[in-house]
Amino acid sequence: MAIALPVAVLGYTATLTASSRATLDAKVGVQLGAGAYAATATRVDPDAITGPDGTTVLRFSDATLTGSADRTPVQVLGIDPTTFAGAATWVDSFAGSSLEDLVGRLTRDSAVVPVVASGVPAGSYELRLGSVPVDVEVVGTADVLPGRRTADPVVLVDRSRLPEVPPSAGSDQSVERWTDGDVAAAGAQLRDAGAVRVTETEPADVQRAANFLGVTWTFGYLSALAVFSGVIGAAGLLLYLEARSRARVSGYVMARRLGLSRAAHLRSLVLELGGVAVAGVAVGGLLAVGAVAAVYRRLDVDLVRPPTPLLDVPWPAVAGTAVATLAVAVVAALYAQHAADRADPATVLREDA
């Protein structure tokens with residue numbers, strides 16, 4: 001248990017840190033749409049905005065989706081299907097299908113405009129962009145779609161299939177350039193297309209506005225706690241070794257008189273301590289898995305913004321823990337062998353007499 005409990009604490013804190021960080025990054029990415037974005041309210045041609053990376057999105061903030069029963073306010077994103085999936089933030093748990101598959105459905109030939117939505121079921125609807133009606137059919141759904149900035153559902157549509165929406169329609173239209181590269185370059189691309197006022201938004205802006213900075217500060221504390229737990233585990237292995245040192249030295253002295261070689265004794269030490277270390281890592285790992293599974297879904301850093309907590313197992317840290325534990329076991333075995341070699345056989349036998 002001297003090894004298992006520290007390993008459990010290390011695995012628990014490392015996994016919660018990685019999961020919280022992944023969840024926070026996903027929440028920020030969903031709100032931004034990509035790594036960052038530049039936006040303008042100037043009515044510029046989205047197809048005139050070009051660049052080596054990124055995608056251009058036509059956003060309608062004042063839109064509704066009307067089904068057979070009621071009318072639902074929605075956020076409509078008119079996208080370019082050829083570039084959107086490559087630039088937008090996406091995690092596989094957002095939907096049962098890949099983003100490429102969902103976006104591909106927007107190009108189907110149909111009598112009505114196909115759309116993909118989150119927050120509304122599949123079916124036929126009337127989409128209103130301000131006062132402009134468009135008959136649409138939801139051909140794909142997701143739990144989360146990139147670009148969601150309010151509590152309203154998100155609707156993705158191929159913007160080339162939308163009718164002209166005049167300013168008088170009141171659709172609160174804006175043009176955005178999403179990018180994983182330099183947001184200043186994205187802003188320049190909008191200005192080159194004729195945009196007058198451009199705002200640029202990066203992850204740090206969302207973190208400040210959403211009060212996420214306090215959450216990010218806890219990552220350092222949890223990481224330090226994980227390292228400290230690893231030190232405790234190493235100390236526990238050494239304490240185990242020290243507690244049995246007298247009996248081990250006495251047995252080693254007697255065994256040497258019976259012909260046991262130094263190398264054979266060292267191998268036995270490595271096997272014993274390695275077995276203890278492996279067992280401790282296994283038990284600690286099981287305890288960490290149980291603890292993480294019990295709590296990680298309850299540790300949502302923001303209940304309003306999607307997605308729900310993600311589970312991210314830090315496999316490099318897991319492998320590092322296992323390797324470090326075995327390395328400590330080998331070092332401890334070498335230390336024990338050195339201590340046994342230094343012992344005076346006459347003194348040891350006299351004390352045991």
What side-chain donor-acceptor pairs closer than 3.5 Å can you find for residues 126-146, not counting sequence neighbours?
| from | atom 1 | to | atom 2 | distance (Å) |
| --- | --- | --- | --- | --- |
| Glu126 | OE1 | Arg128 | NE | 3.3 |
| Arg128 | NH1 | Ser131 | O | 3.0 |

Do the side chain of [X] and the main chain of [Y] share a donor and acceptor less than 3.5 angstrom apart?
X: Thr13; Y: Leu10; value: yes
X: Thr42; Y: Val44; value: no
X: Arg298; Y: Asp300; value: no

Closest heavy-atom contact between [X] and [Y]?
X: Pro203; Y: Gly35; value: CD-O, 3.2 Å
X: Leu310; Y: Ala26; value: CD1-CB, 3.7 Å
X: Ala85; Y: Leu99; value: CA-CD2, 3.8 Å
X: Leu266; Y: Ala333; value: CD1-O, 3.8 Å
X: Thr89; Y: Ala34; value: OG1-CA, 3.4 Å
X: Ser118; Y: Pro153; value: O-CB, 2.9 Å

If you group Ile, Leu, Val, Met, Phe, Trp and Tyr by side-chain heavy-atom gaps below 4.5 Å, do [X] and [Y] land in one group?
X: Tyr37; Y: Val154; answer: yes
X: Leu16; Y: Val289; answer: no
X: Val155; Y: Tyr125; answer: yes
X: Val175; Y: Ile79; answer: no
X: Val165; Y: Val74; answer: yes

>> For a quick check under 3.5 Å, do Thr56 and Arg159 share a side-chain donor-acceptor pair by atom type?
In response: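 Side chains of Thr56 and Arg159: no pair found under 3.5 Å.
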
> Does the side chain of Gln75 pick up a donor-acceptor pair with the side chain of Arg149 at under 3.5 Å?
Replying inline: no

Can you measure from [atom1] ([X]) to [atom2] ([Y]) and round to the nearest 0.5 angstrom?
X: Thr321; Y: Leu326; atom1: OG1; atom2: CG; value: 11.0 Å
X: Thr150; Y: Asp152; atom1: OG1; atom2: CG; value: 4.0 Å
X: Thr72; Y: Leu65; atom1: OG1; atom2: CG; value: 6.5 Å
X: Thr23; Y: Arg297; atom1: OG1; atom2: CZ; value: 9.5 Å
X: Asp80; Y: Trp178; atom1: CG; atom2: CH2; value: 12.5 Å
X: Thr325; Y: Leu273; atom1: OG1; atom2: CG; value: 12.5 Å

> Is the closest side-chain heavy-atom distance between Thr40 and Val196 below 4.5 Å?
Replying inline: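 Result no, sub-4.5 Å side-chain heavy-atom pair not found.
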
What donor-acceptor contacts under 3.5 angstrom involve side-chain atoms of residues 57-64, with partners at least two apart or in another chain?
| from | atom 1 | to | atom 2 | distance (Å) |
| --- | --- | --- | --- | --- |
| Arg59 | NE | Glu176 | OE2 | 2.8 |
| Arg59 | NH1 | Gly147 | O | 3.3 |
| Arg59 | NH2 | Gly147 | O | 2.8 |

Could you pull out every donor-acceptor pair under 3.5 Å between side chains of residues 108-115 and any protein atom, sequence neighbours left out?
| from | atom 1 | to | atom 2 | distance (Å) |
| --- | --- | --- | --- | --- |
| Ser110 | OG | Val112 | O | 2.4 |

>> Could you go through Phe84 and Leu156, starting from their C-alpha distance and side-chain angles, then the distance that decides it, and tell me whether this counts as side chain to side chain contact (heavy atoms under 4.5 Å, CB included)?
In response: CA-CA 10 Å; Phe84 184 79; Leu156 300 184; 3.9 Å; yes

> Would you call Arg21 and Asp25 a salt bridge, using N to O less than 4.0 angstrom?
Replying inline: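 A salt bridge is absent here (no side-chain N lies under 4.0 Å from a carboxylate O).
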
Using a 3.5 Å cut-off and no angle test, enumerate the donor-acceptor pairs between side-chain atoms of residues 184-192 and protein atoms at least two apart in sequence or in another chain.
| from | atom 1 | to | atom 2 | distance (Å) |
| --- | --- | --- | --- | --- |
| Gln189 | OE1 | Arg177 | NE | 2.9 |
| Arg191 | NH1 | Gly187 | O | 3.3 |

> Stepwise, does the side chain to side chain contact (heavy atoms under 4.5 Å, CB included) test hold for Leu32 with Thr201?
Replying inline: CA-CA 8 Å; Leu32 292 172; Thr201 306; 3.6 Å; yes

>> According to side chain to side chain contact (heavy atoms under 4.5 Å, CB included), who are the partners of Val292, at least two apart in sequence or on a separate chain?
In response: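 Side chain to side chain contact (heavy atoms under 4.5 Å, CB included) check on Val292 returns Tyr12, Thr15, Tyr296, Leu311.
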
> Tell me, which pairs form a ring-ring contact (aromatic ring centres under 6.0 Å, His included) where one or both residues lie in residues 91-116, sequence neighbours left out?
Replying inline: Trp90-Phe94

